[in-house]
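Only this structure's heavy atoms are used, side chains among them; waters, hydrogens and symmetry mates stay out. Counting starts at 1 for both ligands and their atoms, following the listed order. For this chain, numbers begin at 1 and follow the sequence in order.
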Amino acid sequence: MADRRPLIAGNWKMNGLKANLGEITAIAAEAAASPAVDVALFIPATLIAPAVAAAPDFFIGGQDVHENASGAHTGCISAAMLVEAGAKGVIVGHSERRTDQHETDATVAAKASRAKTEGLSVILCVGESLEVRDAGNAEEVVSAQLLASLPQEASSDWLSIAYEPIWAIGTGRVPTIEAISEMHSALRAALRKMIGGDADKMRILYGGSVSGDNARDILSVADVDGGLVGGASLTAAKFVPIIEAARNA
Ligand code: PEP
């Protein structure tokens with residue numbers, strides 16, 4: 001993983017009640033015992049404040065943020081609200097939001113900018129559909145998506161990228177190690193064109209059906225700097241082996 005510090009991030013999606021706080025404190029304890037790996041959980045907004053109270057030193061983030069500072073946006077959450085709740089970061093551009101909420105690349109870039117303005121770190125997600133993968137031009141399409149979603153002020157001190165092939169999310173299907181390697185190299189090259197040498201410091205995570213069984217192989221790929229994990233982040237029993245794999249990759 002070059003000299004980039006690995007980041008293992010969990011995305012709880014629309015899962016998690018106060019009854020699940022014990023999983024967060026157990027994962028936080030493993031994170032504290034793994035100083036060479038950054039560990040984070042991106043949890044429902046309602047759970048952020050209780051989670052921060054239960055595990056004050058642990059990195060808790062939100063799963064979305066509005067691009068505006070405040071205003072008439074019923075049901076949305078602002079960056080300042082996330083910060084007030086105790087979040088340190090946020091995910092933007094997850095494929096479920098790009099699909100379900102029709103978020104465009106420009107919206108994703110604006111959300112990332114807003115989050116940065118309020119002092120949040122950001123994981124920006126990109127990834128191709130199965131149709132694009134089958135058509136054979138996934139690297140070209142995802143690189144273009146990345147460049148269009150990247151805010152002007154992108155830099156490695158607050159932004160990480162997550163490559164998440166849509167067809168691999170929650171399906172148990174994972175690209176070959178070779179395909180992951182080729183995509184991450186292509187994304188690194190695309191980043192270099194936009195942000196120059198800082199591209200070599202920016203983390204590019206892989207996401208899509210990461211588990212304790214496949215994490216070591218995936219995290220050993222040169223340009224893979226960590227993982228964004230959905231289903232396997234919901235319990236310490238499934239998430240801890242992935243943190244351990246990052247420690248040993
Ligand atoms: C995700 O939604 O970001 C994800 C990678 O999910 P899963 O690990 O369940 O495929």
Any carboxylate oxygen within less than 4.0 angstrom of a Lys/Arg side-chain nitrogen, looking at [X] and [Y]?
X: D157; Y: K201; result: no
X: E153; Y: K116; result: no
X: K111; Y: E103; result: yes

| field | Where I123 and A162 come nearest, the two heavy atoms and their spacing | value | CG2-CB, 3.7 Å
| request: Identify the heavy atoms of A110 and E67 that sit nearest to each other, and give their distance. | output: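 Smallest interatomic distance, heavy atoms only, reads CB-CB, 3.7 Å.
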Distance from [atom] to nearest protein heavy atom, with residue and atom:
atom: atom 5 (C) of ligand 1; result: E164 OE2, 3.0 Å
atom: atom 9 (O) of ligand 1; result: G231 N, 2.9 Å
atom: atom 2 (O) of ligand 1; result: K13 NZ, 2.5 Å
atom: atom 8 (O) of ligand 1; result: G230 N, 2.8 Å

| task | Under 4.0 Å, heavy atoms only, figure out whether ligand 1 is touched by the backbone of I169, its side chain, both or neither. | result |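 Answer for I169: both.
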| said: If we set the cut-off at 4.0 Å for heavy atoms, which region of A168 has an atom near ligand 1: side chain, backbone, both, or neither? | reply: backbone
| G208 heavy atoms, cut-off 4.0 Å: which ligand 1 atoms fall inside? | 5 (C), 10 (O)
| note | A student checking ligand 1 against G170 at a 4.0 Å heavy-atom cut-off should list atoms 7 (P), 9 (O), 10 (O)
| E84 atom CD, over 12 foreign heavy atoms within 6.0 Å | no
| message | Any nitrogen or oxygen of T171, side chain or backbone, less than 3.5 Å from one on ligand 1? | response |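 By distance alone, the answer is no.
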| query | Any heavy atom of S209 sitting closer than 4.0 Å to ligand 1? | reply |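 S209 counts as a contact of ligand 1 under the 4.0 Å cut-off.
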Side-chain polar contacts of residues 28-39 - donor-acceptor pairs under 3.5 angstrom, sequence neighbours left out - could you list them?
| residue | atom | partner | partner atom | Å |
| --- | --- | --- | --- | --- |
| E30 | OE2 | R247 | NH1 | 2.9 |
| S34 | OG | E30 | O | 2.8 |
| S34 | OG | R247 | NH1 | 2.6 |
| D38 | OD1 | R5 | NE | 2.6 |
| D38 | OD1 | R5 | NH2 | 3.0 |
| D38 | OD2 | R5 | NE | 3.2 |
| D38 | OD2 | R203 | NH1 | 2.8 |

